[in-house]
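What follows is a short report on a single structure.
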2 protein chains.
Amino acid sequence: MFIYYRALLESRETEVISSEELSQLTGFSAAQIRKDLTYFGQFGTPGRGYTIKDLTHQLKGILGIDREWEVALVGMGNMGRALVAYEGLKNQGFNVTQLFDSDPKKIGMFCAGLKIKNIDNLKEEIRNSAARIAILAVPAGAAQSVTNLLLEAGIKAILNFAPTRIIVPDGVNVLNIDITNELTRLSYYLVQPDALKIADDNPAAGTESPEPIA
Amino acid sequence: MFIYYRALLESRETEVISSEELSQLTGFSAAQIRKDLTYFGQFGTPGRGYTIKDLTHQLKGILGIDREWEVALVGMGNMGRALVAYEGLKNQGFNVTQLFDSDPKKIGMFCAGLKIKNIDNLKEEIRNSAARIAILAVPAGAAQSVTNLLLEAGIKAILNFAPTRIIVPDGVNVLNIDITNELTRLSYYLVQPDALKIADDNPAAGTESPEPIA
DNA sequence: TAGATTGTTAATCGATTAACAATC
DNA sequence: TAGATTGTTAATCGATTAACAATC
């Protein structure tokens, strides 16, 4: 869905697009695309295709990016600071509104116009906000305990930059961004050129025999 | 493979581990694990299991992390600086040895003990090094042109932080880390709780009917 | 030897694609 | 109307799992 959405954004020259054209742009088969889309509704016109404007609008709704999301950011180390400074988030409707750290030297400081708050107050601060998404940019050792705080605060989605798995209950979503892991994956592809070339989100990539990607 | 490797690191209490135990730790089925492993060789002992020390060693070789990799980093913005400062990379054998930027104000400055070089010299500098992996941390607008330079320099694997797709020839591997994209995915899971809950690398996650993840 | 667990084949299951009636 | 392309079903294909002989 993300990929269809992105493809649509890049192809706003025509008014209408067919599943076949979307296939060319995304690498997914036309049948796959039609099937995926009809899971959410009937957005196309037989004999014509999909109106780009309409479908973009629909996809926004489906992806939940037809609104603004408040985001809390925990951990103001190098990564945390890089993230607050990143304009791209706000542009896409992800609005970092709260910063937390445990370091007394950092608490009270301002970063990108936001005051860094004491992590001890995380629960009530987040409870009093609309944030349901959090970015976790703390050291691995602190990841689980901070996660527990976030869960208590009612956070339902976590983007985890800590290089460790965190445990959350059902109904809470975690996505991990682990740079070392990604580099290891690249290393793997370099030394095992025969292993499936990167699935990532490029479906055009290798298929064939069941070579392990895990 | 990454996941098996990580699981092994976390389970060094016993000397031997069975595919069944690995299954518990990773969420993959025992049969799947045995199959994946035998793709690379016969590492187990019937009736006993896998010797953790041996298998760890084997996996290191398979993943290509039984060596040091030199890594070039292009783009010394917020993200680039956060990445050089990150100790985790070196600890895992990924050694950032070269920094590049195009900003005259940054060129010549030192960052984490490394001199920032002029991107105009990227090709020869990298050619004269052992780097085959590059991290791309430049703005979206510059991503493709810098990629082209990297390709000319002989880079074979790119970790791309720019929020845009880059085009590379066959045989070159790209992994994208797109934060906005990940947040969009979280947003999607929040508004579509019925859609497949995160595959990421947690195979325990939902299965059932073919709901679109794309 | 009896018990356990691998490596691997055969059976199952699910996802992808081909194809086409419906329809603009 | 003829041409095009959707939505959807049926057929294909591939991946996952169950099961077991081999073996420690």
Side-chain angles (χ1 to χ4, degrees), chain A residues 1 3-4 7-8 11 14-55 58-59 62 194-197 199 201-214, chain B residues 1 3-4 7-8 11 14-55 58-59 62 194-197 199 201-214:
Chain A
M1 289 290 149
I3 298 158
Y4 304 155
L8 283 181
S11 65
T14 55
E15 198 185 325
V16 163
I17 196 167
S18 68
S19 57
E20 189 51 54
E21 289 167 307
L22 263 174
S23 168
Q24 303 258 302
L25 289 170
T26 61
F28 290 94
S29 75
Q32 184 73 265
I33 291 170
R34 292 201 298 277
K35 203 161 203 213
D36 280 356
L37 291 177
T38 48
Y39 175 80
F40 292 102
Q42 307 202 157
F43 307 131
T45 311
R48 193 150 181 277
Y50 301 89
T51 307
I52 293 183
K53 191 152 167 286
D54 283 3
L55 187 55
Q58 292 287 351
L59 283 179
I62 290 166
D194 291 338
L196 271 199
K197 280 284 176 302
D201 26 18
N202 168 21
T207 330
E208 296 175 24
S209 42
E211 292 157 61
I213 343 173
Chain B
M1 290 292 152
I3 298 160
Y4 305 156
L8 284 180
S11 66
T14 55
E15 199 184 324
V16 162
I17 196 167
S18 67
S19 57
E20 188 52 53
E21 290 168 305
L22 263 175
S23 168
Q24 303 259 302
L25 289 169
T26 60
F28 289 95
S29 76
Q32 183 74 263
I33 291 169
R34 293 201 298 277
K35 203 158 203 216
D36 279 357
L37 291 177
T38 47
Y39 175 79
F40 292 103
Q42 306 200 157
F43 307 132
T45 312
R48 193 148 180 278
Y50 301 89
T51 307
I52 292 182
K53 193 154 164 288
D54 284 3
L55 187 55
Q58 293 287 353
L59 283 178
I62 290 166
D194 291 338
L196 270 199
K197 279 287 176 301
D201 27 18
N202 167 22
T207 329
E208 298 175 23
S209 40
E211 292 158 62
I213 342 174

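For clarity, every value in this text was computed on a predicted model and none was experimentally measured. Letters A, B, ... are given to chains in the order of the sequence lines, protein chains preceding strands, and every chain is numbered from 1.
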Legend entry - Side chain to side chain, Leu25(A) and Leu8(A), heavy atoms closer than 4.5 Å: no
Legend entry - Nearest-0.5 Å distance, CD of residue Gln58(B) to OH of residue Tyr4(B): 15.5 Å
Legend entry - Nearest-angstrom distance from the residue atom CD of Gln32(B) to P of dT12(C): 19 Å
Legend entry - Shortest non-hydrogen contact from Val16(A) toward Thr14(A): O-OG1, 3.1 Å
Legend entry - Reported CD1-to-OH distance for the pair Ile62(A) and Tyr39(A), which is rounded to 0.5 angstrom: 10.5 Å
Inset, instruction - Report the distance from atom NZ of Lys35(B) to atom OG of Ser19(B), rounding to the nearest 0.5 Å. - result: 14.0 Å
Inset, instruction - With rounding to the nearest 0.5 Å, note down the distance linking CG in Leu37(A) to CG in Leu22(A). - result: 7.5 Å
What are the atom names and distances for every N/O pair under 3.5 Å that joins the protein to nucleotides 4-8 of chain C?
residue, atom, partner, partner atom, Å
dT5(C), O4', Gly47(B), N, 3.0
dT5(C), O2, Gly47(B), N, 2.9
dT6(C), OP1, Ser19(B), N, 2.7
dT6(C), OP2, Ser19(B), OG, 2.7
dG7(C), OP1, Phe43(B), N, 3.2
dG7(C), OP1, Gly44(B), N, 2.9
dG7(C), OP2, Tyr50(B), OH, 2.6
dG7(C), O3', Gln42(B), OE1, 3.0
dG7(C), N7, Arg34(B), NE, 2.8
dG7(C), O6, Arg34(B), NH2, 2.9
dT8(C), OP1, Gln42(B), OE1, 3.4

Inset, instruction - For DNA chain C, produce a single dot-bracket line, 5' to 3'. Pairs: Watson-Crick or G-U wobble, both distances under 3.5 Å. Symbols: ( ) within strand, [ ] crossing, | other strand, . unpaired. - result: ..||||||||||||||||||||||
Anything under 3.5 Å between a donor and an acceptor, one on a side chain of residues 41-53 of chain B, the other on a protein residue two or more places apart or in another chain? List them.
none

Legend entry - For the student: nearest non-hydrogen atoms of Ser23(A) and Ile33(A), plus distance: N-CD1, 3.5 Å
